[in-house]
Amino acid sequence: MEGRGSAVGTPASRPVTRRSKSYGRSCVEAPSYFWQTPGHLTVLKIPTSRDAAKSQIITNKVDPEHIALLVKNEWKLSYVTPLHCFRHTQLKSYSNHLSAFIVAEKQQGVAVEVGLEAGFKVTFTAVLGLAETDEDAETVFIQIQSKPVFAAAADAPKVVWRGWLTCVNGDPEYLRSLPPDFVSLPLFCTSGPESLTTLVKSWFERAFDCNFGSLALNSTTLNWLAALWTGCHPTCNIRYLKLAWSLPTQPPLDVSYTVNPQDAWELWNSIHTEESTDDRIDIKEVQSFMNGLETHFFRHFKIYLSAGTLVKVSTALGSAQLDGKIKIGNSDYITTLLTLLTECALLKMLT
C-alpha cells in the first residue's frame, strides 16, 4: 500500500496497465482510501441514443441454473465503487470470511432480522457469460442460507438473502482508465432483509475499500424501458404495458395506466418505423412515444400525466420502479436491461 497518492492528487493521465481477468490473489487488508480515485479519471456522458432491444437465448452462454436465480425475484438496486483487490479466484475464501463476519456481528448484538438462526452459510458464485465485452468483469452471485435453531437435523438450510454484483456493457473508456488493482462491478442487486444487506455492504467496504449508495431510477430511465420493451412486442409478446404515475395533487393522486400491447406497439412503430436505416433509438423518439401515451390518456380522462412523475413501468419482460426496484421477467432481454442499469450505476457513482 506504500507509495499511493491521495485520491485528489492522482492525475487522470497516469499510465494504466491493462487489467486481465485472472483476478489472482486474496485481499482482506488495510484500506487504501483510494476508492474515490476511479471516479475522477473520466466523465461519463448521458447517451441520447441506444441500440434497440435484441433477443438472445442467454442460456446458450450462461448456466440456466444461474439465470434462474436472477429472474422472477424483485431486486433492490445499489451502486458500488470499484473493488480494490477483488479476485474471482478467491470466491470460496470470501464465502468463509463473510459467513464469519455475519456470525461475529450477530454475537456482538447486531440485529439480523431473519429469526432464531443457529448459523449462516454464505456462497459466492461466478455467473459466467453475462459479460458482454473484454472490459466487463464477470458477475458474482451471493447467497446466504440459515437453519432455525430448532429445525430437525434433516431439514435443509433456508435461503434468507440473495445478492449479485454485475457489469454489462460498462463504459469502455471508464473501465480502461481504472488502476489495475480495481475491479468494477458497479450494479449491486439485493433481495432479503435490509439488516443482512447492511452487513454484506459493510463487509465489502472493509474488505475491498469500496463504497455503496442507493440507486434510485429516474423518469427518463423508465421512459427508455417503456419504449425498449414495447419495441420487443412483435418478436416476444410483452402481454401488457403498465405505467404508474404520481401526481402532485392534494391529496396525492396515483394513476395506473394499462395499455394494450398491440396498441402500444403500433404507436411505437409509427414513431420508430421499421424502415429505419439503423437499429438505434433516439431519445426524441422515446419522448414522442410517451407524449403519445399521455395525450391519449388526457383525451379520455382530462388528466395531464406530464404534470406528475412516472414511478413504475411493467411488462411481461420485466418491471422497474422509481425507488430502485426491478424484476426480470424474461431472460432473453436481460442484456438490454442490465446494460441500461449498469449505465445508471456508473453515472450515479460518478456524480
Side-chain angles (χ1 to χ4, degrees), residues 1 19-35 38 62-63 65-66 69-70 75-108 110 112 114 117-131 136-147 157-168 170 178-213 345 349:
M1 308 300 286
R19 296 177 300 119
S20 71
K21 285 193 175 184
S22 61
Y23 306 119
R25 65 183 181 85
S26 172
C27 176
V28 180
E29 57 184 46
S32 67
Y33 303 106
F34 201 50
W35 61 263
V62 183
D63 188 332
E65 291 185 4
H66 289 170
L69 296 171
L70 308 184
W75 304 99
K76 178 67 176 177
L77 304 180
S78 301
Y79 71 84
V80 56
T81 58
L83 311 177
H84 183 241
C85 290
F86 182 87
R87 301 292 183 254
H88 284 65
T89 55
Q90 299 295 321
L91 297 185
K92 184 175 181 180
S93 175
Y94 300 158
S95 300
N96 295 333
H97 286 148
L98 178 54
S99 177
F101 177 79
I102 293 173
V103 171
E105 291 295 294
K106 186 177 180 182
Q107 289 175 346
Q108 293 178 22
V110 175
V112 181
V114 290
E117 271 66 32
F120 294 92
K121 178 183 178 182
V122 179
T123 305
F124 279 67
T125 304
V127 180
L128 305 179
L130 278 180
D136 291 341
E138 296 288 359
T139 297
V140 175
F141 188 84
I142 308 165
Q143 185 167 270
I144 301 176
Q145 295 175 298
S146 188
K147 183 185 290 189
K158 177 183 176 182
V159 176
V160 294
W161 187 91
R162 294 183 176 96
W164 45 296
L165 301 102
T166 193
C167 180
V168 178
L178 291 175
D181 285 341
F182 286 86
V183 173
S184 182
L185 289 164
L187 181 63
F188 185 47
C189 309
T190 61
S191 176
E194 186 61 32
S195 57
L196 279 178
T197 299
T198 299
L199 287 179
V200 172
K201 288 180 177 179
S202 178
W203 179 81
F204 266 93
E205 289 174 344
R206 297 185 189 191
F208 305 110
D209 202 13
C210 59
N211 190 43
F212 289 83
M349 184 187 72

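Source: prediction; values computed, not measured.
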J.: Looking only at non-hydrogen atoms, find the nearest pair between V62 and G129 and report the distance.
T.: CG2-C, 3.6 Å
J.: Is a side-chain N or O of T198 found less than 3.5 angstrom from the main chain of E194, in a donor-acceptor match?
T.: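 Confirmed, T198 side chain pairs with E194 backbone.
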J.: Check whether any side-chain heavy atom of F188 lies under 4.5 Å from a side-chain heavy atom of V200, and answer yes or no.
T.: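 With C-beta onward as the side chain, the pair touches.
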J.: Heavy atoms only: give me the nearest T81-M349 pair and the separation to one decimal.
T.: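 For T81 versus M349, the nearest heavy atoms are CA-SD, 3.4 Å.
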J.: Mind listing the closest non-hydrogen atom pair of S184 and C167 along with its distance?
T.: O-CB, 3.6 Å
J.: Are side-chain heavy atoms of R87 and Y94 found at a separation under 4.5 Å?
T.: yes
J.: Ignoring hydrogens and angles, tell me if any N or O in the side chain of H88 forms a donor-acceptor pair with the backbone of A126 under 3.5 Å.
T.: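 No, the answer is negative, given that no donor and acceptor are paired below the 3.5 Å cut-off.
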J.: Do the rings of F182 and H84 sit parallel, tilted or perpendicular, given the 30° and 60° boundaries?
T.: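 Correct class here is tilted.
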J.: Which heavy-atom pair separates P186 from A345 by the least distance, and what is that distance?
T.: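 Shortest heavy-atom contact: O-CB, 3.5 Å.
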J.: Do L185 and F208 touch side chain to side chain, with heavy atoms closer than 4.5 Å?
T.: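 The answer is no, as the side chains (C-beta and beyond) never meet within the 4.5 Å cut-off.
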J.: Is the side chain of W75 donor-acceptor paired with the backbone N or O of L70 at a distance under 3.5 Å, no angle test?
T.: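 Yes, because the side chain of W75 sits within donor-acceptor range (under 3.5 Å) of the backbone of L70.
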J.: Side chains of T166 and D136, heavy atoms from C-beta outward: is any pair under 4.5 Å?
T.: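 The answer is no, as the side chains (C-beta and beyond) never meet within the 4.5 Å cut-off.
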J.: Please round to the nearest 0.5 Å and tell me the distance separating atom OG of S195 and atom CD of E105.
T.: 12.0 Å
J.: Parallel, tilted or perpendicular: which describes the rings of F212 and F204, with under 30° parallel and over 60° perpendicular?
T.: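 Plane angle over 60°, so perpendicular.
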J.: Please check if any side-chain donor atom of T197 sits under 3.5 Å from a side-chain acceptor atom of W161, or the reverse.
T.: yes
J.: Could you tell me the separation between the CG atom of L199 and the CD1 atom of I144, rounded to the nearest 0.5 Å?
T.: 8.0 Å
J.: Any side-chain heavy atom of D63 within less than 4.5 Å of one from L128?
T.: no
J.: If you compare all heavy atoms of C210 against all heavy atoms of P82, which two are closest, and at what distance to 0.1 Å?
T.: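 Closest pair (atom of C210, atom of P82, distance): CB-O, 3.8 Å.
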J.: Quick one: are T125 and Q143 in side-chain contact, heavy atoms under 4.5 Å?
T.: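 Not in contact.
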J.: What distance do L196 atom CG and I142 atom CD1 have between them, rounded to the nearest 0.5 Å?
T.: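 So the gap between those two atoms works out to 11.5 Å.
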J.: Would you give the length of the straight line joining atom NE2 of H97 to atom CD of Q90, rounded to the nearest 0.5 angstrom?
T.: 9.0 Å
J.: Hey, does L91 have a side-chain heavy atom less than 4.5 Å from the side chain of F86?
T.: yes
J.: Taking side chain as C-beta onward, heavy atoms only, is W164 less than 4.5 Å from V127?
T.: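 Answer no - side chains too far apart.
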J.: From S93 OG over to L98 CG, what is the distance, rounded to the nearest 0.5 angstrom?
T.: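 S93 OG to L98 CG: 11.0 Å, rounded to 0.5 Å.
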J.: Would you compute the distance between atom SG of C189 and atom CZ of R162 and round it to the nearest 0.5 angstrom?
T.: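 Taking SG in C189 and CZ in R162, the distance rounds to 13.5 Å.
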